[in-house]
Amino acid sequence: MPISAEGALLLLALVLYVFDSALLLQSNEWALEGLRGGQWRARFGLQSWKLGGREPLLPNLLMPWRPLLRVGWRFDEGLSAVASLPEPKTASAALKLTAALLLLLIFIALPLALFVYPLLTLKISVVAAIYASCLFNGLLLWRERAQLGLSKADCAKLGIECIACPPFAINIVRKLSLRFPMLDAAQALRLLPDQAAFVREQMLVRLREQIDFEAEGSPRMARLLNVAATLEPTT
């Protein structure tokens, strides 16, 4: 059964949104997802299914207002102590609100206008609201560029991208948070006191993969085994 033009438009919007949301992480990378009340949750990619040697990670598509931070570590160094980085510059409540609004407009209001209540005035109104929200996004970025650490060129690039492709604008909060310098795993674990065992387990799985491919008796093998011992659960 051939797909209608309206259905193809919505499918394209969904594909673009998913494509823009997905991350490809190195084996020695994971992510922090922001939750309510300044809490964070550890997120790892698919270790058993990789793309070009990288682990795909798809954040929660229904909550685009949650920031994401990258975390990295060196296999042969483990959880080394690091100096604290400055607090991440996160998006304002207004930008988070526009991300949520665009999600509702594109994937709820637009399908309703196209298939349930196919009135021309309603279709035009929804499309106008989508682009008005994208434009408002751009204005907010420009106003908040200093606190977000954006240059005028970066701000203009993000603003144009949001207006040119509304599904990309839904991810504005994630785009901004992912610009923050990569955290060290030791630093990130300080934010996850209740998830330390899970994080160490996931790191150990990826470290063992490196050990399996390392030459027996090499200096790096000895360092990897030492790090593995520090990540093993204590009883």
Side-chain angles (χ1 to χ4, degrees), residues 2-25 29-36 40-41 43-46 49-52 54-70 88 90-118 122-142 144 148 150 154-180:
I3 189 170
S4 65
E6 293 84 355
L9 176 65
L10 290 174
L11 180 60
L12 177 61
L14 179 61
V15 169
L16 289 172
Y17 176 45
V18 172
F19 169 79
D20 194 51
S21 302
L23 296 178
L24 290 177
L25 303 175
E29 292 179 1
W30 42 287
L32 288 177
E33 181 182 34
L35 305 177
R36 273 187 173 185
W40 297 89
R41 179 173 64 181
R43 295 291 308 274
F44 285 82
L46 293 176
W49 187 71
K50 300 184 180 183
L51 289 173
R54 299 196 175 201
E55 301 179 359
L57 170 63
L58 191 64
N60 191 328
L61 297 177
L62 299 179
M63 297 185 176
W65 53 86
R66 289 182 173 179
L68 281 178
L69 299 175
R70 282 181 182 264
T90 55
S92 67
L95 278 169
K96 293 178 180 179
L97 184 61
T98 57
L101 178 61
L102 278 166
L103 182 72
L104 293 174
L105 286 172
I106 294 175
F107 294 114
I108 294 182
L110 186 58
L112 287 174
L114 292 176
F115 299 110
V116 182
Y117 306 105
L122 182 58
K123 294 177 185 178
I124 293 174
S125 298
V126 171
V127 172
I130 290 172
Y131 280 97
S133 299
C134 291
L135 181 59
F136 184 62
N137 237 350
L139 294 175
L140 286 173
L141 282 173
W142 185 260
E144 300 173 16
L148 293 171
L150 292 174
D154 289 337
C155 185
K157 180 181 177 182
L158 279 172
I160 292 171
E161 181 182 284
C162 289
I163 295 170
C165 186
F168 285 5
I170 302 174
N171 279 318
I172 189 62
V173 174
R174 295 182 187 130
K175 292 176 188 292
L176 291 170
S177 59
L178 288 170
R179 294 174 60 89
F180 189 74

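These numbers were taken from a predicted model, which means no experiment stands behind them.
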Nearest 0.5 angstrom please: [X] [atom1] to [Y] [atom2], how far?
X	Y	atom1	atom2	answer
Leu110	Leu10	CG	CG	5.0 Å
Trp65	Leu97	CH2	CG	10.0 Å
Leu68	Leu176	CG	CG	12.0 Å
Leu148	Arg179	CG	CZ	9.0 Å
Phe168	Leu16	CZ	CG	5.0 Å

Of all residues at least two apart in sequence or in a different chain, which pass the side chain to side chain contact (heavy atoms under 4.5 Å, CB included) check with [X]?
X	result
Leu24	Leu51, Arg54, Pro56
Leu58	Val18, Ser21, Ala22, Leu61
Ile108	Leu104, Leu112
Asn60	Glu33, Leu62, Met63, Arg66

Atom of [X], atom of [Y] and distance for their closest heavy-atom approach:
X	Y	value
Phe115	Gly7	CZ-N, 3.7 Å
Pro59	Arg43	CA-NH1, 3.9 Å
Val173	Pro64	CB-O, 3.7 Å
Gly45	Leu57	CA-CB, 4.1 Å
Ser92	Glu144	OG-OE2, 2.8 Å
Leu32	Trp40	CB-CE3, 3.7 Å

Ion pair Asp20/Lys175, N-O distance below 4.0 Å |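 Answer for the salt bridge query: yes.
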
With sequence neighbours excluded, residues passing ring-ring contact (aromatic ring centres under 6.0 Å, His included) with Phe107 =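 Expected list: Tyr17.
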
Name the atoms and distances for all side-chain donor-acceptor pairs under 3.5 Å in residues 122-141, with sequence neighbours left out.
{"residue": "Ser125", "atom": "OG", "partner": "Thr121", "partner atom": "O", "Å": "2.7"}
{"residue": "Ser133", "atom": "OG", "partner": "Ala129", "partner atom": "O", "Å": "2.9"}
{"residue": "Asn137", "atom": "OD1", "partner": "Thr98", "partner atom": "OG1", "Å": "2.9"}

Neighbour count >12 (heavy atoms, 6.0 Å) for atom NZ, Lys50 =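 Atom NZ in Lys50 is crowded, with more than 12 foreign heavy atoms closer than 6.0 Å.
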
Chi angles and distances behind the side-chain contact (heavy atoms from CB on, under 4.5 Å) call for Leu23, Arg174 | CA-CA 11 Å; Leu23 296 178; Arg174 295 182 187 130; over 6 Å; no

